[in-house]
Each structure stands twice: as C-alpha cells, then as structure tokens.
Amino acid sequence: MIDRHILRNDPAAVKAGALRKGIDVSSSLDQWLSLDSQLRELKTSLQADQAEMNRISKSIGMLMGMGKKDEAEEAKSHTKVLKDRIAEGEGRERDLEAGLRDLELEFPNTPHASVPEGLDVENNVVVREWGEKPVYAENPKPHWEVADELNLLDLERGAKISGSGFAVYTGLGARLQRALFNWMIDVQSLEHGYREIFPPYLVNEASLLGTGQLPKFGEDLYKTNDGLYLIPTAEVPVTNLYRDEILPNEMLTAKLAAYSSCFRREAGAAGKDTRGLLRMHQFDKVELVKFARPEESYDELELLVKDAEVILQRLGIHYRVVLLCGGDMSFSNAKCYDLELWSPGVGKYLEISSCSNFGDFQARRLNVRFRRAQGEKPEFVHTLNGSGLATPRLFSAILETFQQPDGSVLVPELLRPYVGTDRISR
RNA sequence: GGAGAGGUCGCAUAGUGGUCUAGUGCGCCGCACUCGAAAUGCGGUGUGGGGCAACUCACCGUGGGUUCGAAUCCCACCCUCUCCGCCA
C-alpha cells in the first residue's frame, strides 16, 4: 500500500509510477482523493459530537454520584439526537474507510528511479552474465530424458499418486535434491549470515493478506478445510514473523533464510515451460528475506542478489542477471532483478530467482516498523526477498549442464560429500 | 477432542458499570542531591488519526450487542495456560 500522505500530497507521482508499470490509476485516484477529503471533513465534526457526548456522560456520572437523580434524567433526555448523529457518522466513517482501502489496493508500488522504462520483456536490461554456455559434442538432452535414463525422477507415478505437477524423486535423484537444499541453506546461514528459519507450511488468512497473495490471488493457493492455506513460498511465513511489531534499530538489517516446500495451484499455467520439472505444484526452495532501513534497502538488494548468485557460481552453472523494466515488474515491487540460468537441454534461459525490494509498500500492509532511537516515532521498514534458490530448476540445470556423452552426470565437486558420489550413472 | 482458568500501557500486576483522559511496582528518559556513582526524591515515559492551533477522537485479544456511560455486563470468535484423552 502507498502512504496516504503521498496519495494526498503528490497524486501525480503515484499516477506516473503506475503508468511505468502500464497501469492507469487516474480515475480511482481521483475517487480516492474525493473520499479522503469527505472522510476528513466527517471526522472533524464526528469528533466534536463525540467530545460533547463524553462531556455529557461524565456530568451524568457526577450528578448520579451526588444523588441528583432528576437532573441526571434531564441530561439523559438530551442525548438522543446526539447519539443518533454519532451512530450515523460512525457508519459513514466505516463506509468511507472501506472505500478508501479498496481503492488503495489498486495502486501499485512506484518503481524506483533506477528501474528501466518500458512495458515488456524486451525492455529488461541484462546487467551481467557469469560463465558461458557449455559446448557439447551432440545435442544435449533435456533433463527429463537424462533423469529418466538414470532413474532419478518418476513423473508418471507422481501423477498417479498426486496428479500432474507432482514429481517423485527417486534414489540418487532424491539424494541430489536433498543435497541441494541442505547445501544452499548452509551457505546462506553459515556463510552469508542469514538467520535460519524453518517455518510452518500452513498459514492463516491474515498472513496472506500481509504479503499480498490475498485478496487478489486466492485462486493460486491450496486451501484446507480449517481455513488455513499451504504456503506458496516461505516468504509468507517469514515476512509475517514481525507483522504488527516495532523492531529495535539494532536488529536491522535483519536477514532471514528459510528452506521450505512450496505449493502453488497456478491454475492457468499449462502450456509454457511445463515439461519435466519446470513448473510444479509442489517444489522446494531456500528463500532469503530482509528487513532493512529505508536508506539502506537498495544496497541490501544488490547484496541479496549476490548471495543468490553465489549458489550458481559455485555449482558452475552459466547465468545472467536481468533488471526488470517497469512493465515486467510485479504489482508491489519497487525494483526487481531476475536470475536466469542457462538450460542447455531446453535451450533457454530460465528464471531461477526473483530478488525484489518492496520498499515500504509491503511493510505498510504488514505493519512492520522500527524505531531509530528511544522517543522517536516508529517508521516503516523496507522489505526484500529473493530465492536463493529453487531446487527443481537447479536440479534440472545440473543434469543438463553436467551430462556426459556416456549418459552419466558429473556431480559438482562441492555437492559430492552431500550426494556421496562424484558421478551418477546407470 | 473434553473440562477448567485466563488474555489490561516494554515486563509484572490492580481495576467487576460513572472523577479510569486505566492505578501501582519494575524497566527506561530527564532533573535534583553527589567529585562521580549507588541509594533517594521529583517529573516524564504506548499506538494510530483529525485540527493552523488550543485541543480532540479511537484503541484494555478480535468482532458484534446492551447503556446517557463498558476494561468491567451479554453473544460469537481467536489465542495462551493447567488437567484428561489421542498421537509422530
């Protein structure tokens, strides 16, 4: 959500920011401004009535205390009109507040000044590349073929026991999978200083409202009979840890890393990038989350991206870093980098991580604040997150990148202690 | 899942319809005393909002209700604790 003072005092900036994302908010913004001035006008008069009512009630109390029953009854009879007017005012106040909040949900976060202009992918900017596309004697196979030959995945039985979009990792495939997220959470927590979190996989509605999956994107979530939802990413439980709290200054920048399974219905996703492991209803991910001071958050974003990149560098997988243009960014983003790894078998760069700074947009919804010093007013923190990284595409990239002419796969050196072998073969 | 107890200003507690704009203790901040400190004394110490301001409104787990007036009474829900049952 955008700060009401900004909406009120600089609506032009909000309008321009939304346009950079290809969203026209002018009419809802005008509506907001009108409701806002109505609300403030109402509040002023309503509060005068409430103050008057409080005065009368207090005096009735005093009269009762002194035993002047008749005078108290007399005073009571005067409150009827006032009481009705207050009730009506409170009703209107509620309506106006609800109207304002509904409109506020339509205003996207304003892109940071460093975000490139443009509305589609061609306007994204590749800021750097690491490594090179590996060269193969023959056409490299896609990971589903490699995995099939080595018995690392059982997609058919996954479909049988759960449905399409659910993979069974088998044998060394299961072990490689476990090796990956074990190693990744170790790197982020032990080397990069993130506090390790193991969160609940089921969360309540308030948490999803806080991070913005609800009310708009409920269709993408699995919901239980108890009104709880399976998490689509560890971002949800982890970012909500400090919902409705005021953090001490010395706690910032707070860096948290969580491994979790993630569950997404993604109803309309079929058709694109769906083969093999590329789009799953259940997958595993190490998520990085930061709570930062506003003046430090953009530096922290750069560091967050680097923390995610380390994983690919150490594995030796070619990738590039893309700075998204306004139109390709999500609703609540202020600035976003995508990491895209090279998938030799698929022959494409695939998104493996999205690292975002939300500014105070998400914090305002979550009500996460911090206090610079005792006696100072609380301020909203900036929230950031990014994957570091998601395993299915990493798993598939390893199979594709390190496949050998004889059909085996070389295990990246640093994973060997975790996997227990240097080569996966028939 | 069953029975009981309870959710109050950072913490601990008081408050069961009207000077409660919530008392007290601890903590914290300021001042005094002191060479300095401790102890002591005095004052202050929540969040959000409206108003140029004086000032004012809302908030005692959440949401409703009764009343001129609700922390206090009524209803629903959430959470915590204790005991029982079940269980990895």
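In what follows, chains carry the letters A, B, and so on, assigned in the order in which the sequence lines appear, proteins first and then strands, with residues in each chain numbered from 1.
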Compare every heavy atom of [Y] with every heavy atom of [X], then report the nearest pair and how far apart it is.
X	Y	answer
A:Gly326	A:Lys21	O-CG, 3.4 Å
A:Gly17	A:Pro111	O-CD, 3.3 Å
A:Thr239	A:Phe291	O-CZ, 3.6 Å

Given [options], the nucleotide with the shortest approach to the side chain of [X]:
X	options	value
A:Arg369	B:C57, B:U47, B:G51	B:U47
A:Lys377	B:G50, B:G48, B:G46	B:G48
A:Lys43	B:G49, B:U47, B:A58	B:G49
A:Met53	B:G69, B:U47, B:G49	B:G69
A:Arg94	B:C68, B:G51, B:G64	B:G64
A:Thr79	B:G49, B:C68, B:A58	B:C68
A:Arg371	B:G51, B:U56, B:U47	B:U47

Classify [X] by what it touches in the nucleic acid, base, sugar-phosphate, or nothing, heavy-atom distance under 4.0 Å.
X	value
A:Arg55	nothing
A:Arg4	nothing
A:Ser57	base
A:Arg364	nothing
A:Ile56	nothing

>> To the closest 0.5 Å, what do you measure between CD (A:Glu104) and CD1 (A:Ile2)?
In response: 9.0 Å
[N] versus [M] - spacing of their [atom1] atoms, nearest Å:
N	M	atom1	answer
B:U66	B:C78	P	24 Å
B:U24	B:C31	C1'	23 Å
B:G25	B:A14	C1'	11 Å
B:C52	B:G46	P	24 Å
B:U16	B:G6	P	14 Å
B:G27	B:C11	P	16 Å
B:C9	B:G69	P	26 Å
B:A71	B:C60	C1'	5 Å

Partner nucleotide of [N] by Watson-Crick or wobble geometry (both distances under 3.5 Å):
N	answer
B:A5	B:U80
B:C60	none
B:C73	B:G65
B:U34	none
B:G27	B:U45

Side-chain N or O of [X] closer than 4.0 Å to phosphate OP1/OP2 of [N]:
X	N	answer
A:Lys58	B:C20	no
A:Arg40	B:G51	yes
A:Lys83	B:C68	yes
A:Asn54	B:U21	no
A:Lys76	B:U67	no

>> In this structure, how many angstroms lie between the P atom of B:C77 and the CD atom of A:Glu205, rounded?
In response: 17 Å
>> Distance check needed: B:C9 P versus A:Ile246 CD1, whole Å only.
In response: 13 Å
> With the threshold set at 4.0 Å, does a side-chain nitrogen-carboxylate oxygen contact exist between A:Arg4 and A:Asp36?
Replying inline: no
>> Assuming nearest nucleotide by heavy-atom distance, tell me which of A:Gly61 and A:Glu376 is located more 5' along RNA chain B.
In response: A:Gly61
>> Judged by each residue's nearest nucleotide on RNA chain B, which is more toward the 5′ side, A:Glu52 or A:Asp36?
In response: A:Asp36
> Can you list the steps and then say if A:Gln403 with A:Glu149 is a side-chain hydrogen bond (donor to acceptor under 3.5 Å, both in side chains)?
Replying inline: CA-CA 11 Å; A:Gln403 59 182 296; A:Glu149 283 167 26; over 6 Å; no
>> With side-chain contact (heavy atoms from CB on, under 4.5 Å) as the test, pick out the partner of A:Leu180 among A:Leu394, A:Val419, A:Leu389, A:Ile185.
In response: A:Leu394
